[in-house]
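Down below is the structure, laid out as structure tokens.
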Amino acid sequence: MASGTVTSSEYISHHLTNLTFGYHEKTDSWRFVNTDPANGELALPHEFGFWAVNVDTLLWSIGLGLLFMWLFRKVAKSVTSGVPGGGQNFVETIIEFVDDNVKGIFHHKNPVIAPLSLTIFVWVFLMNLMDLVPIDWVPYIFNEMGVHYMKIVPTTDVNATGGMALSVFALIVYYSIKQKGIGGFIKELSFQPLPKIFAPFNLFLEVVGLLAKPVSLALRLFGNMYAGEMIFILIALLPFWAQWVLSVPWAIFHILVITLQAFIFMVLTIVYLAMAHDDH
Amino acid sequence: MNINLTIIGQAIAFFLFVVFCMKYVWPPITGALAERKKKIAEGLDAADRAERDLKLAQEKAADDMRASKEEAAAIIEQANKRANQIVEEAKEQAREEANRVKASAEAEIEQEINRAKEALRAQVGALAIAGAEKILEASVDEKAHAKLVEKLAAEL
């Protein structure tokens, strides 16, 4: 939808701008983001501080999360140990897939891990799936309704992936302390990989390693989805009759990517939590 | 790539979804899965057992059949023997009865003959005497007639 009045860079940056709402210091007001002078006073995304929310990210992620909960709850309520129907079959397949993975990696008793993994896998998958919706459809509809920015893929927002990664990190720390005690946890961080004499160095190394876990979790998913989205945006800049040549193969390839990324996020979470439970 | 409050919101949403999933989604479905697993295992077990039972029952039925056939054959044989015996007995009885009847009839006939002989003898005597009287009325040749009477009595 590269219309004549919009330049390529404007089109790209427009598509990469979240619908941010928050305190804007320059204009000293609470307001939505705006990068187009034609739509009134400017409020560029980077001018918002921490006290802002990406309304589109929250809207779509929570909406998709609710969809996931509703779907699975519906099945769970009418679940039968007899012959399962279509919906139950589908849900059971996913649950067994997740359960197999959890059982293969995580060998401690913890009733949280499996549901956590299921939530991560399905939720992340659904959020990634929005990437396959043609990139101009939803923003166009919202634009017609007067909302100028709408990123419908929550996982292309580092806040979404970061929020999940932070939660996972909290769980890692929580379970490490719960399993080994605060002393045991610090000991584990300090007394390896080098002998005890190098404790400060070890501690530094291990803390960096620990912090790298959530960061890598968040950035891996974000980076993959952001890059994928970017490619779709670039393809959308082509003449409309040529787009399918690239967008169709990329979309098909992306089906693999979004599933794989959801799977990786889930598996790494399980691995990290299994490590948190293991005594070294 | 602006980090802002969204990250906290996302974490809260994530937490709530996980809790919901843990409470209301995971347990019923995995419960049903486990239950179905058990059911299938039981079903297979039952099928195995039924097969075994069937085989046993078939063997037992065959045994029973063989036993009853043997029994039936024995009973028939016995019945045949008994029938022959009864027939033999009946024949024997009949023969004895016939003999008995014949013997009594012969005895009766003998008696009857004797009685008739006696009666005849008496009557002949009387007749002879009557004849003698008649003859005596006409011409009595005591000598000739006495001979005659004696001869008559001896013949009877």
Side-chain angles (χ1 to χ4, degrees), chain A residues 18 20 22 45-55 57-58 61-62 65-66 68-69 71-73 75-84 88 91-92 95-96 98-99 111-112 114-116 118-120 122-123 154 157-168 170-171 218 222 226, chain B residues 1-69 71:
Chain A
N18 276 113
T20 309
H46 63 266
E47 291 169 354
F48 288 91
F50 180 77
W51 299 104
V53 286
N54 295 343
V55 179
T57 300
L58 285 178
S61 64
I62 292 173
L66 289 176
F68 156 47
M69 290 297 140
L71 262 176
F72 276 58
R73 178 63 191 154
V75 169
K77 264 201 286 198
S78 61
V79 75
T80 163
S81 63
V83 180
Q88 193 185 333
V91 167
E92 277 179 7
I95 285 195
E96 284 196 312
V98 172
D99 205 31
V112 179
L116 173 79
L118 176 72
T119 309
I120 288 175
V122 181
W123 196 26
D157 180 358
V158 77
N159 289 296
T161 61
M164 298 176 83
L166 267 189
S167 310
V168 171
L171 285 175
F222 162 71
Y226 190 84
Chain B
M1 199 177 130
N2 305 305
I3 303 270
N4 58 28
L5 262 186
T6 313
I7 201 168
I8 308 290
Q10 192 75 14
I12 293 169
F14 181 48
F15 173 76
L16 293 177
F17 287 144
V18 170
V19 168
F20 184 87
C21 186
M22 206 176 107
K23 284 233 153 68
Y24 301 110
V25 174
W26 191 266
I29 296 178
T30 48
L33 286 177
E35 200 177 317
R36 183 175 317 133
K37 213 186 228 172
K38 216 176 86 188
K39 260 191 192 170
I40 291 173
E42 277 169 2
L44 290 175
D45 248 25
D48 278 353
R49 228 177 11 248
E51 208 176 337
R52 232 176 11 249
D53 284 355
L54 178 64
K55 206 178 263 174
L56 282 179
Q58 273 171 345
E59 274 166 21
K60 192 170 166 345
D63 276 359
D64 282 357
M65 189 72 106
R66 202 170 323 114
S68 25
K69 261 184 192 159
E71 204 176 338

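Chain letters run A, B, ... following the sequence lines, proteins first and then strands; every chain starts at 1. Side-chain atoms are counted along with the backbone in the values below, which use heavy atoms only and exclude waters and symmetry mates.
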Donor-acceptor pair, distance only, cut-off 3.5 Å: does the side chain of [X] make one with the backbone of [Y]?
X	Y	value
B/Arg36	A/Val83	no
B/Thr6	A/Asn54	yes
A/Asn159	B/Asn2	yes

Relative to chain B, which of [options] shows the most heavy atom pairs under 4.5 Å?
options	value
A/Ser167, A/Gly49, A/Ala165	A/Ser167
A/Ser81, A/Gly163, A/Ala76, A/Gly22	A/Ser81
A/Met164, A/Met69, A/His46	A/Met69

Region of [X] in contact with chain B, defined by heavy-atom distances below 4.5 Å:
X	result
A/Leu66	both
A/Asp157	side chain
A/Leu166	side chain
A/Val122	neither
A/Pro111	backbone
A/Thr161	neither

Would you call [X] and [Y] a side-chain contact if the rule is heavy atoms closer than 4.5 Å?
X	Y	result
B/Phe20	A/Arg73	yes
A/Val112	B/Met22	yes
A/Phe50	B/Ile8	yes

Nearest 0.5 Å, what's the CG-CD1 distance between A/Leu118 and B/Ile29?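 Answer rounded to 0.5 Å: 8.0 Å.
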Say you draw a straight line from CD1 of A/Ile120 to SG of B/Cys21; how long is it, rounded to the nearest 0.5 Å?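 SG of B/Cys21 is found 10.5 Å from CD1 of A/Ile120.
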Residue among B/Trp26, B/Phe14, B/Tyr24 with most heavy-atom pairs under 4.5 Å to chain A: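 Among B/Trp26, B/Phe14, B/Tyr24, the one with the most close pairs to chain A is B/Trp26.
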Report the relative orientation of the aromatic rings in B/Phe17 and A/Trp123; use parallel for angles under 30°, tilted for 30 to 60°, perpendicular for over 60°.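 Ring orientation of B/Phe17 relative to A/Trp123: perpendicular.
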Are there more than 12 heavy atoms of other residues, nucleotides or ligands under 6.0 Å from atom CD of B/Glu51?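 Not buried by this count: 12 neighbours or fewer within 6.0 Å.
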Looking at every heavy atom in both B/Lys39 and A/Gly82, which two are closest together, and how far apart are they? NZ-N, 4.1 Å
Side chain, backbone, both or neither: which part of B/Phe15 has an atom under 4.5 Å from a heavy atom of chain A?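 For B/Phe15, there is no contact with chain A at all, as no heavy atom is under 4.5 Å.
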